[in-house]
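Here's the structure, in structure tokens; my notes come after.
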2 protein chains.
Amino acid sequence: MTFELNPTAASLLGFLHDGPMSGWDLVVRAEERIGEFWSLTQSQVYRELARMAQEGLVEAGEPGTRARKVYAISDEGRDAFVEWVRRPPGNENIRFPLLLTLAFGQHVPDPMLASFISRHRIIHHDRLANYERQRAEMPSDYEDVDPYAVATLEFGITYERAVLQWFDQLPRRLTDLRDE
Amino acid sequence: MTFELNPTAASLLGFLHDGPMSGWDLVVRAEERIGEFWSLTQSQVYRELARMAQEGLVEAGEPGTRARKVYAISDEGRDAFVEWVRRPPGNENIRFPLLLTLAFGQHVPDPMLASFISRHRIIHHDRLANYERQRAEMPSDYEDVDPYAVATLEFGITYERAVLQWFDQLPRRLTDLRDE
DNA sequence: TGGTACATGTAACATGTTACATGATTAG
DNA sequence: CTAATCATGTAACATGTTACATGTACCA
């Protein structure tokens, strides 16, 4: 009976397969690679690393400058990770505050709602541009590209396109900014 | 300075505008109306109701059968709700465990990955069918339809279609079930 | 009339969030 | 050389999850 990992901790172990890293390194890498569909905070990363070190899933190297500790995955960590990653994944969980506000839109003046919507549309537009840039920058020679990273990036692109499409078919009344 | 609501509690207040309801009623209604993009559990509902009762945002009627308590929104509750719903909504937060597993797909045998993917594809397919049925059942006379509910339902449809489209463009290797 | 599902709730715990503290590095 | 930012971490608290306990209604 191996240690029970949560998805956040497990992801850290996943990244540590590429070599030892500090908490900060992991935060940055997680943001790049899974931030699109798995949010985590810097503070969680440090906590999970500390816990996993206690359990022997990772090993901390000697503190360097700024008390920087570099963590390496252990054999126990590899075992726990493989066990985790081969379990049937749970259902997805979306929390989209804009839609909550919209669902109760009758309590919000329409122009205010329109301004909320327009701000979020920009965010999604920018994210899509970012993902598309990433895809464009990938080596066209598919030998060098991790097919799993491609698949998740494709998800981001498909998702953001759909969201924009949804924005663009909202009734004019909900997107008209005249008074705000 | 009104009481600081979280989105989950605020939603309960939103629903209580339609009339007094019990915790159970609220769980059911939330699932129907916002479950698509805002998950909550039964146990949270009871906790938030208890807290809001303490703060005077809702008032509990006399316990009925099974200790059933029906909550009504108070004037303070209405004020707090309006304040909440008119704030700029935060960014959305997606947690999609399947994508996490896929991101670390190199550690999973392909047929196993394919079986995870196929199971999730079914879930999304069914959800889409359900949303489309709901839309079809709406009175074609738009007078009677809450335009905000239509907008959020459209989101669900757009989202699920996009997810299916994404599933269908995955490389065959990730969707081929031959060995599992 | 006994079993199953419904409805209500509580408690313990895990996870997520926000705010802060502190030294190290870098840019001007 | 000093102010801003980077990197590390901790602590307190809020929220989310899971498991359990208990009575009620329904139905075969």
Side-chain angles (χ1 to χ4, degrees), chain A residues 3-13 20-31 34-35 37-55 57-58 60-71 80 84 89-97 100, chain B residues 3-13 20-31 34-35 37-55 57-58 60-71 80 84 89-97 100:
Chain A
F3 183 70
E4 198 69 23
L5 288 175
N6 61 49
T8 298
S11 304
L12 301 179
L13 289 181
M21 275 181 272
S22 71
W24 183 260
D25 298 337
L26 285 163
V27 170
V28 171
R29 182 160 306 203
E31 174 55 31
I34 59 172
F37 49 82
W38 198 267
S39 73
L40 42 71
T41 64
Q42 166 259 29
S43 142
Q44 273 177 286
V45 169
Y46 287 109
R47 182 169 56 194
E48 295 302 333
L49 284 173
R51 272 182 57 199
M52 291 195 293
Q54 270 207 326
E55 299 292 330
L57 306 185
V58 297
E62 281 314 290
T65 175
R66 283 186 205 187
R68 182 175 204 266
K69 268 179 289 187
V70 168
Y71 292 89
W84 174 84
N91 285 335
E92 101 269 36
N93 192 321
I94 304 188
R95 305 201 126 202
F96 204 152
L100 216 44
Chain B
F3 183 71
E4 197 69 22
L5 288 175
N6 61 49
T8 298
S11 303
L12 301 180
L13 289 180
M21 276 181 272
S22 72
W24 183 260
D25 298 338
L26 285 163
V27 170
V28 171
R29 182 159 307 204
E31 174 55 30
I34 60 172
F37 49 82
W38 198 267
S39 73
L40 42 70
T41 64
Q42 166 259 28
S43 141
Q44 272 177 287
V45 169
Y46 287 109
R47 181 168 58 193
E48 295 301 333
L49 284 172
R51 271 182 57 199
M52 290 196 293
Q54 270 207 326
E55 299 291 331
L57 306 184
V58 296
E62 281 315 289
T65 175
R66 285 186 206 184
R68 181 175 204 267
K69 269 179 288 187
V70 168
Y71 291 89
W84 174 84
N91 285 336
E92 101 270 36
N93 193 319
I94 303 187
R95 304 201 128 203
F96 203 153
L100 217 43

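We name chains A, B, ... by the order of the sequence lines, and we start the count at 1 in each one.
Closest approach of A/A80 to A/L5, counting heavy atoms only: O-CD1, 3.6 Å. Smallest separation of non-hydrogen atoms from A/A10 and A/W84: CB-CD2, 3.3 Å.
Separating the CD atom of A/Q54 from the P atom of D/dT10 is a distance of 11 Å, rounded to the nearest angstrom. One interatomic measurement links the two molecules: CZ of A/R95 to C1' of D/dT17, which rounds to 11 Å at whole-angstrom precision. One can place CE of A/M21 at 15 Å from P of D/dA7, the figure rounded to the nearest angstrom. Computed from coordinates, the A/L40 CG to D/dT15 C1' distance equals 17 Å when rounded to whole Å. Atom OH of B/Y46 and atom P of C/dC6 are 13 Å apart (whole Å).
With sequence neighbours left out, the salt bridge (Lys or Arg N to Asp or Glu O under 4.0 Å) criterion links B/R47 to no other residue. The salt bridge (Lys or Arg N to Asp or Glu O under 4.0 Å) test applied to B/E55 returns no partner, not counting sequence neighbours.
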Can you tabulate the close N/O pairs, meaning under 3.5 Å, that link protein atoms to atoms of nucleotides 18-22 of chain D?
unit_1	atom_1	unit_2	atom_2	d
D/dT18	O4	B/S43	OG	2.9

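When the nearest nucleotides of DNA chain C are assigned to B/N93 and B/D25 by heavy-atom distance, the more 5′-ward of the two goes with B/D25.
Residue B/R51 has no polar side-chain atom (N or O) positioned under 4.0 Å from OP1 or OP2 of D/dA14.
For A/R47 against C/dG16, a side-chain N or O and a base N or O form a donor-acceptor pair under 3.5 Å.
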